[in-house]
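As structure tokens, the structure follows; a few thoughts come after it.
The analysis underlying the following values was restricted to heavy atoms, covering all of them including side chains, and did not include hydrogens, waters or symmetry mates. Only a predicted model underlies this, so the values are computations on that prediction, with no experimental measurement involved. The sequence lines fix the lettering, A, B, ..., with proteins before strands; numbering per chain opens at 1.
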Protein chains: 2
Amino acid sequence: MTSLPIRGVGEFERRGLRDRVYDLILEMLLEGDVEPGTRLSIDTLAKDLDVSPTPVREAMVQLERTGLVTREALRGYRVAPPLGEEQLAELFEARLMLEVEATRLATRRADELLPPLREALAHHARESERVVERLGRGAVPLSLTRAYFDSDLEFHRTIFRASGNRYVQEMYDSLGALTHRMRQAVIRGPRDVHEAAAEHRAIVEAFASGDPSAPERAMRSHIENVRDRAVEDVDAE
Amino acid sequence: MTSLPIRGVGEFERRGLRDRVYDLILEMLLEGDVEPGTRLSIDTLAKDLDVSPTPVREAMVQLERTGLVTREALRGYRVAPPLGEEQLAELFEARLMLEVEATRLATRRADELLPPLREALAHHARESERVVERLGRGAVPLSLTRAYFDSDLEFHRTIFRASGNRYVQEMYDSLGALTHRMRQAVIRGPRDVHEAAAEHRAIVEAFASGDPSAPERAMRSHIENVRDRAVEDVDAE
DNA sequence: CGCTCTTATTTCCTATAGGATCTTCGATAT
DNA sequence: ATATCGAAGATCCTATAGGAAATAAGAGCG
């Protein structure tokens, strides 16, 4: 039983065809260039992806959970309609609850959390600067926007991981797709980006302060600001 | 366009075979007489239920979300192992967050909430008495235990409905199966039942009091008590 | 001209079949 | 007796095919 240094043999996360199909369709939906209400024909998708309908069918069941597609029995799947005003409000309400609670729980492990959180903060700051720089010279490329939001998400996920509660984390993930799709919209201007970066910094400092209630206050303030900035977007339409 | 009194034509919730299969397997799992770790063979299930593997496969994807079954790609599904001590703690942590938040939100609509909540309370009280009566004369039949827990669940769901937040509600449902399975265990004695009923009453009175922070305090206290009673169960093993 | 009924096509839904992989059991060698 | 190897069985996974329902288009009638 010589334990060879071949780690990862058991870690090779085996993924069936269904998982790959799921990723592909999810990416397509998050890309955002499919109109809401569009029918997602199983057979057509299967042909396009060059697989049989069965794995596509399984992937769609999984996608139902994300809220990105709707299903009507015997009538097929459709791309979910965009979030209405009420749903947007409810989504932020739920997100506020989750983020504040995760932050509160993560405060117990502030020591372990701080190093990776500082790293995530630095990453987000770099992406922010790149976006701001581009904003000065016209439209921001999609790839940059994407990298920016990814770094933002990673910051928050770092906190959720430190919460030590798998259920809270799962709930956040289940809202993730909707959240992502909502903010897919646009980056309004350099002010938003700067504000977000500053608020992230404030959260890290709150964790470092040692005040046990400071982090959740900072997070609450951040999410409320994100909400307000998003609402301004909608109103501007 | 004579609107005939045939209501329900549009309300006939059409359900595919997949949905019925899902219900059947879910019920089997909640019944609790299947050992954790047991393999859930797709083909075998399909034969037992006298359907083809495809709808079974879809139902299993959906069940994965409830946490009642685990999946390993290319190796099939298994009945999920029972909740460990940590998971139990995390589950209650998450539930506490959800219930308190839902209560807080529902306070905005206390007027609409109170009538149905009083009804749910009365129902729960009746079931409590039936259980207590039986407890005096030996073991409680499964059907009674079940009816009791259903009435308990209905009380809480009434509050979640009044929260007006579909995402919070969905999160609660997604924890529902695990919660149900956990407390499936036993009813320890008449004291637990009486305490739970009294706490429910206190929650209703808190809603009726007009004090905006009273309901969430009452709910927090209730869930913490439920947790403590459940932990005593585990320790008693 | 508008409405209804019919017809055809598309699509979902389920069933059956076969290849790849994992598990289990038994045999063999050390 | 233990461990290793090999083969048979079971199971997952994917593909193909056909029936049922829904959508869309067109003909006939008021």
- Item | Atom-to-atom span, CD of A:Glu58 to C1' of D:dA15 - whole angstrom | 13 Å
- Message: Would you call the rings of B:Phe155 and B:His200 parallel, tilted or perpendicular, taking 30° and 60° as the class edges?
- Response: parallel
- Can you tell if the side chain of A:His123 reaches within under 4.5 Å of the side chain of A:Arg126, non-hydrogen atoms only? yes
Using distance only, find each side-chain donor-acceptor pair of residues 97-106 of chain A under 3.5 Å and give its atom names and separation, not counting sequence neighbours.
residue	atom	partner	partner atom	Å
A:Glu99	OE1	A:His156	ND1	2.9
A:Glu99	OE2	A:Arg95	NE	3.1
A:Glu99	OE2	A:Arg95	NH2	3.3
A:Glu99	OE2	A:His156	ND1	3.3
A:Glu99	OE2	A:Tyr172	OH	3.2
A:Glu101	OE1	A:Arg104	NE	3.3
A:Glu101	OE2	A:Arg104	NH2	3.2
A:Thr103	OG1	A:Glu99	O	2.6

- Task: Determine: side-chain N/O of B:Ser52 to OP1/OP2 of C:dT14, distance under 4.0 Å, yes or no.
- Result: no
- Message: Rounded to whole Å, please give me the gap between NZ in B:Lys47 and C1' in C:dA15.
- Response: 13 Å
- Query: With a 4.5 Å limit on heavy-atom distance, are the side chains of A:Glu127 and A:Glu154 in contact?
  - Reply: no
- Query: Below 4.5 Å, heavy atoms only, C-beta onward: do A:Arg161 and A:Arg157 meet side chain to side chain?
  - Reply: yes
Give every pair of a protein N or O atom and an N or O atom of nucleotides 8-12 of chain D that lie under 3.5 Å apart, one pair per line with the distance.
residue	atom	partner	partner atom	Å
D:dC12	OP1	B:Ile42	N	3.1
D:dC12	OP2	B:Ser41	OG	3.2
D:dC12	OP2	B:Ile42	N	3.1

- Note on the structure: When rounded to whole Å, the CZ to C1' distance for the pair A:Arg78 and D:dT23 reads 10 Å
- Task: Nearest whole angstrom, please: distance from the C1' of D:dC13 to the CE of B:Met60.
- Result: 14 Å
- Message: Tell me which one of A:Arg18, A:Arg57, A:Arg71 satisfies salt bridge (charged side-chain N to carboxylate O under 4.0 Å, His left out) with B:Glu58.
- Response: A:Arg57
